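Per chain, numbering begins at 1; letters A, B, ... match sequence-line order. Note that this is a predicted model, so its numbers are computed, not measured.
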There are 2 protein chains.
Amino acid sequence: MDDSTEPAGASELPGGRALPKTDKSEQTRALILHTAMRLFKERGYDKTTMRAIAAEAGVSVGNAYYYFQSKEFLIQGFYDRMTYEHAADARARMAGTKDFAERLEIALASWVDCAAEYHGFASQFFRTAADPNSSLSPFSDESHPARATAVQLFREVLTGSEIAPKLDAELAELLPDILWLYLMIVVLYWVFDRTPDTERTREFVRRSTPMAARVINLSRYRVFRPIVRDAKGLIQDFILPTVGRTAGKQ
Amino acid sequence: MDDSTEPAGASELPGGRALPKTDKSEQTRALILHTAMRLFKERGYDKTTMRAIAAEAGVSVGNAYYYFQSKEFLIQGFYDRMTYEHAADARARMAGTKDFAERLEIALASWVDCAAEYHGFASQFFRTAADPNSSLSPFSDESHPARATAVQLFREVLTGSEIAPKLDAELAELLPDILWLYLMIVVLYWVFDRTPDTERTREFVRRSTPMAARVINLSRYRVFRPIVRDAKGLIQDFILPTVGRTAGKQ
DNA sequence: AGGGGGTTTTGAACACGTTCGAAACGTTGC
DNA sequence: GCAACGTTTCGAACGTGTTCAAAACCCCCT
């Protein structure tokens with residue numbers, strides 16, 4: 001419900017964002033971001049002009065650009081925050097559950113819920129996120145913190161479930177990243193979803209998670225060894241490196 | 001090597017493009033498109049201004065807009081054409097091959113080859129293609145012809161192979177669309193690929209096609225019945241409808 | 001009090017996609 | 001020849017994202 005007022009430094013990336021010289025500048029920054037998010041929700045991304053944001057926030061256009069490299073960058077802050085909120089919400093919701101499929105479903109459903117209010121303009125900036133050169137791309141270096149947070153969540157989805165100990169260690173290592181990719185697919189589905197309250201995406205999650213869980217479960221059996229080994233190799237060699245290898249770090 | 005001079009009507013969609021009143025206007029249209037493509041290749045999409053295109057083509061900006069609804073629409077023509085060329089090239093290349101995995105690999109490798117010269121600016125307009133509201137989206141109605149062409153190609157990849165008759169009929173029905181989705185993943189990979197000559201994507205294709213073929217092969221065995229059935233249901237109910245159901249049409 | 005240095009803020013100016021009313025052109029019928 | 005009408009072409013003007021040099025502000029030092 002309430003946005004605003006960044007976790008203060010939590011999402012301050014040393015690499016790209018504006019330099020926070022710590023004082024009321026942080027307040028201005030928050031004000032601008034807050035105003036922008038409100039207008040985005042009210043009118044959509046494209047229809048919200050930088051001039052409108054500045055005017056509404058009571059600052060000059062130039063000032064907005066002092067804090068945010070570009071209009072797109074206004075989104076990164078919100079993106080980080082949502083990831084963080086999602087992780088917290090998902091953890092809380094799956095606390096009492098041990099079943100892997102259920103945990104996975106909860107984690108994904110939680111994302112859909114957290115993102116719900118932004119669905120209106122999500123597609124408009126999804127375009128930007130799809131640009132490989134954009135720092136908004138989920139694969140970019142700038143998105144690394146958010147990605148790491150999400151991957152960590154999926155690690156917990158796994159380790160908190162009863163199938164965790166039964167899995168091949170190497171596969172268990174890869175799974176969090178793979179599940180994150182799975183989330184990316186759900187996000188893609190969600191962006192394109194035009195049904196009321198994105199009901200179709202929710203249904204998609206309900207239907208697909210048990211199957212995903214089943215596949216992972218089956219991977220333990222002897223018959224599947226060769227194919228699982230190949231799949232692992234493929235993902236390890238071709239997918240994760242491109243995606244910004246989170247695996248193997250801490 | 002040579003672009004230009006649209007197949008004359010071949011890619012004229014009744015829905016969206018400019019109305020060709022048949023005469024030298026078609027020539028102007030082609031001139032503009034041709035010039036645009038050249039400049040895109042030379043300088044990239046973003047760095048090519050409409051003014052530059054118009055100037056270079058020796059027409060006014062307004063004239064360019066008379067033929068093309070927007071800068072993005074300049075791309076659709078080329079997109080259609082490439083799809084067409086790809087289908088032709090792939091067919092020729094896999095003519096003598098019966099092995100499914102090989103045919104699949106050829107079809108995908110052919111795409112990478114056909115797209116090679118556009119890789120430079122592909123990522124810049126890929127952004128637009130990722131917008132669900134854009135007609136450039138591979139899932140949009142406007143892209144339906146191109147999609148249908150590609151799906152048809154994959155149908156032939158399948159029917160021309162020796163495993164075709166052994167497959168469950170229902171699955172065989174779905175496979176062309178699924179393989180097209182596979183191509184979309186390759187495209188995604190390719191867009192993000194920064195290696196010289198997109199060598200990594202080529203390697204990805206070489207490595208992933210045999211595995212895909214193996215999975216499809218395995219689907220015939222009894223043990224996998226339930227999971228294959230679920231997967232089929234999932235794709236049929238949730239993926240294809242969203243994607244613009246080509247399946248079931250002729 | 002007065003400077004000096006960094007930080008923050010400003011708004012005019014720029015570039016580019018796009019629009020639009022009007023002009024030029026071409027064809028057809030007289 | 002010319003008038004009428006649809007098609008094509010033009011280019012000035014608009015809206016918007018972004019830049020930049022200068023001003024305002026703030027805090028510390030002397």
Next on the checklist: Can you measure B:Phe68 atom CZ to D:dT9 atom P for me and round it to whole angstrom units?
Outcome noted: 12 Å
Item to check | Side chain B:Arg51 and base C:dG17 donor-acceptor under 3.5 Å | outcome: yes
Checklist entry - Nearest to the side chain of A:Ser60 - C:dT7, D:dT9, C:dT10? => result C:dT10
Item to check | B:Val187 side chain near B:Leu183 side chain, heavy-atom distance below 4.5 Å | outcome: yes
Checklist entry - Is A:Val59 touching bases, backbone alone, or none of the nucleic acid, heavy atoms closer than 4.0 Å? => result sugar-phosphate
Checklist outcome for this item: Closest of C:dT18, C:dT9, D:dT9 to the B:Thr28 side chain is D:dT9
Item to check | Side-chain H-bond candidate by donor/acceptor type, A:Glu72 with A:Gln76, under 3.5 Å | outcome: no
Checklist entry - Taking atom C1' of D:dT8 as reference, at what distance in whole Å does atom OH of B:Tyr65 sit? => result 18 Å
Next on the checklist: Parallel, tilted or perpendicular: which one describes the rings of A:Phe139 and B:Phe192, with boundaries at 30° and 60°?
Outcome noted: perpendicular
Next on the checklist: Could you tell me how far apart B:Asp46 (CG) and C:dG17 (C1') are, to the nearest whole angstrom?
Outcome noted: 12 Å
Checklist outcome for this item: note: B:Leu74, atom CG; C:dT18, atom P; distance rounded to Å ~ 10 Å
Checklist entry - Between atom CD in B:Gln27 and atom C1' in D:dT7, what is the gap in whole Å? => result 16 Å
Checklist entry - Should A:Phe154 and A:Leu104 count as side-chain neighbours, where that means a heavy-atom distance under 4.5 Å? => result yes
Checklist entry - Is there a side-chain polar atom (N or O) of B:Tyr66 under 4.0 Å from OP1 or OP2 of D:dT8? => result yes
Checklist entry - Of the nucleotides C:dG17, C:dT8, D:dT9, which has the atom closest to the A:Tyr67 side chain? => result C:dT8
Checklist entry - What is the distance, rounded to the nearest whole Å, between atom CZ of A:Phe40 and atom P of D:dG17? => result 9 Å
Item to check | 5'-most by nearest nucleotide on DNA chain D - B:Gly58 or A:Thr49 | outcome: B:Gly58
Checklist entry - A:Asn63 has an atom CG; how far is it from atom P of D:dC25, in whole Å? => result 13 Å
Checklist entry - Taking the side chain as C-beta and beyond, is there a heavy-atom pair between B:Arg202 and B:Thr195 under 4.5 Å? => result no
Checklist entry - B:Met50 has an atom CE; how far is it from atom P of D:dA13, in whole Å? => result 20 Å
